[in-house]
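Written below as structure tokens is the structure these notes are about.
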Amino acid sequence: MIVLGVDPGSLYTGYGILRTQNMSPEVLACGAIENRSTTAMPERLKLIFQTLSRLIETFSPDELAIETAFYGKNAQSALKLGQARGVSILAAVVKGIPTHEYSPREVKKAVVGNGTASKEQVQAMMRTILRLKRVPRHFDTTDALAVAVCHLQSRQPRRRSAGASWKSFLATHPEKIIISSQR
């Protein structure tokens, strides 16, 4: 399965394309669509739509996962975010790709285990989970990858055994243990 994760914004729209094989996600592409604040809003939306449409043509994702809008600081910001979300969803719908929405809290909880995690924590988890050799330049990119990871996790059937715990998980997955040098 190939998933296109999107973190929409009018200035920076992050994207991350993941392919799963044997439960391990592989990054096919990631980045941010960058707009200038001096560019008119219709032109910004056009760039978001065209870029996502090209990515869809190139990678043929099976599904799109996008972050939902959150309550912004002001109505103008919320409107711009809604427009960026709209053209992002439209790029997928035009190609018949199913779309799925996740709140920022859902995404953070899925990838960090804490719905109030910082962008730095999300970035660190994406670097670990996806074995990224270098950290993407924008938080929007790692947020988009996190949306895709969240979606992939939501698609997996929940397997809970009677004795499931963090301790048993870490015993079976020692590669997930990060030892901090700060003590």
Side-chain angles (χ1 to χ4, degrees), residues 1-9 11-34 51-52 55-56 58-70 84-85 88 92 97 99-183:
M1 170 182 275
I2 298 175
V3 175
L4 168 57
V6 176
D7 178 37
L11 292 177
Y12 298 98
T13 293
Y15 64 87
I17 303 171
L18 302 181
R19 176 175 50 203
T20 56
Q21 293 180 14
N22 302 327
M23 307 294 280
S24 180
E26 170 193 5
V27 179
L28 299 180
C30 66
I33 303 163
E34 298 182 39
T51 304
L52 291 177
L55 289 167
I56 289 168
T58 303
F59 294 98
S60 302
D62 300 297
E63 298 182 356
L64 173 108
I66 189 166
E67 197 169 76
T68 60
F70 61 94
R85 286 185 74 250
S88 299
I97 298 170
T99 61
H100 305 273
E101 301 180 51
Y102 299 93
S103 71
R105 182 176 289 275
E106 285 177 288
V107 173
K108 291 173 183 179
K109 184 139 176 79
V111 301
V112 178
N114 175 0
T116 60
S118 68
K119 289 192 173 286
E120 290 83 7
Q121 289 172 307
V122 171
Q123 186 179 65
M125 286 305 295
M126 288 304 90
R127 187 171 189 182
T128 301
I129 291 169
L130 300 173
R131 297 180 186 93
L132 300 175
K133 290 181 178 28
R134 62 180 184 84
V135 176
R137 191 169 132 216
H138 297 287
F139 284 126
D140 306 277
T141 303
T142 48
D143 286 352
L145 289 167
V147 172
V149 168
C150 174
H151 179 65
L152 290 171
Q153 288 179 359
S154 76
R155 306 280 294 162
Q156 295 174 3
R158 301 262 184 225
R159 292 186 304 256
R160 294 238 177 212
S161 63
S165 68
W166 276 111
K167 188 174 182 178
S168 64
F169 174 80
L170 292 175
T172 20
H173 300 287
E175 76 279 5
K176 301 289 184 187
I177 299 171
I178 301 172
I179 299 172
S180 174
S181 61
Q182 299 174 347
R183 288 198 184 221

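All values derive from a computational prediction rather than experimental measurement.
Among pairs with a residue in residues 13-34, none fulfils ring pair (Phe, Tyr, Trp, His ring centres under 6.0 Å), at least two apart in sequence or across chains.
With sequence neighbours excluded, the residues satisfying side-chain contact (heavy atoms from CB on, under 4.5 Å) with A84 are P8, I48.
Closest approach of I129 and V111 over heavy atoms only: CD1-O, 4.0 Å. A pairwise comparison of heavy atoms in G16 and A144 identifies N-CB, 3.7 Å as the closest pair. Closest approach of D62 and M1 over heavy atoms only: OD2-CA, 3.3 Å.
Counting heavy atoms from C-beta on, the side chains of R85 and T68 come closer than 4.5 Å. The closest side-chain heavy-atom distance from D143 to V122 is below 4.5 Å. Counting heavy atoms from C-beta on, the side chains of K108 and T116 never come closer than 4.5 Å. Residues L64 and L52 have side chains not in contact (no heavy-atom distance under 4.5 Å, counting atoms from C-beta outward). A heavy-atom distance below 4.5 Å is found between the side chains of L18 and L130. Counting heavy atoms from C-beta outward, S60 and I2 have side chains that stay 4.5 Å or more apart.
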task = Determine, stepwise, if the pair C150 / E67 fulfils side chain to side chain contact (heavy atoms under 4.5 Å, CB included).
result = CA-CA 10 Å; C150 174; E67 197 169 76; over 6 Å; no
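We find the NE2-CD distance between H100 and E63 to be 3.5 Å, quoted to the nearest 0.5 Å. Taken from CG in L152 to OG in S24, the straight-line distance is 10.5 Å, to the nearest 0.5 Å. The structure places NE2 of H138 at 12.0 Å from CG of D7, a figure rounded to the nearest 0.5 Å. Taking CG from N114 and NZ from K109, the interatomic distance works out to 7.5 Å, rounded to the nearest 0.5 Å. Distance check, rounded to the nearest 0.5 Å: OG1 of T51 to CD of E34 gives 11.0 Å. Taken to the nearest 0.5 Å, the CG atom of L132 stands 10.5 Å off from the OG1 atom of T141.
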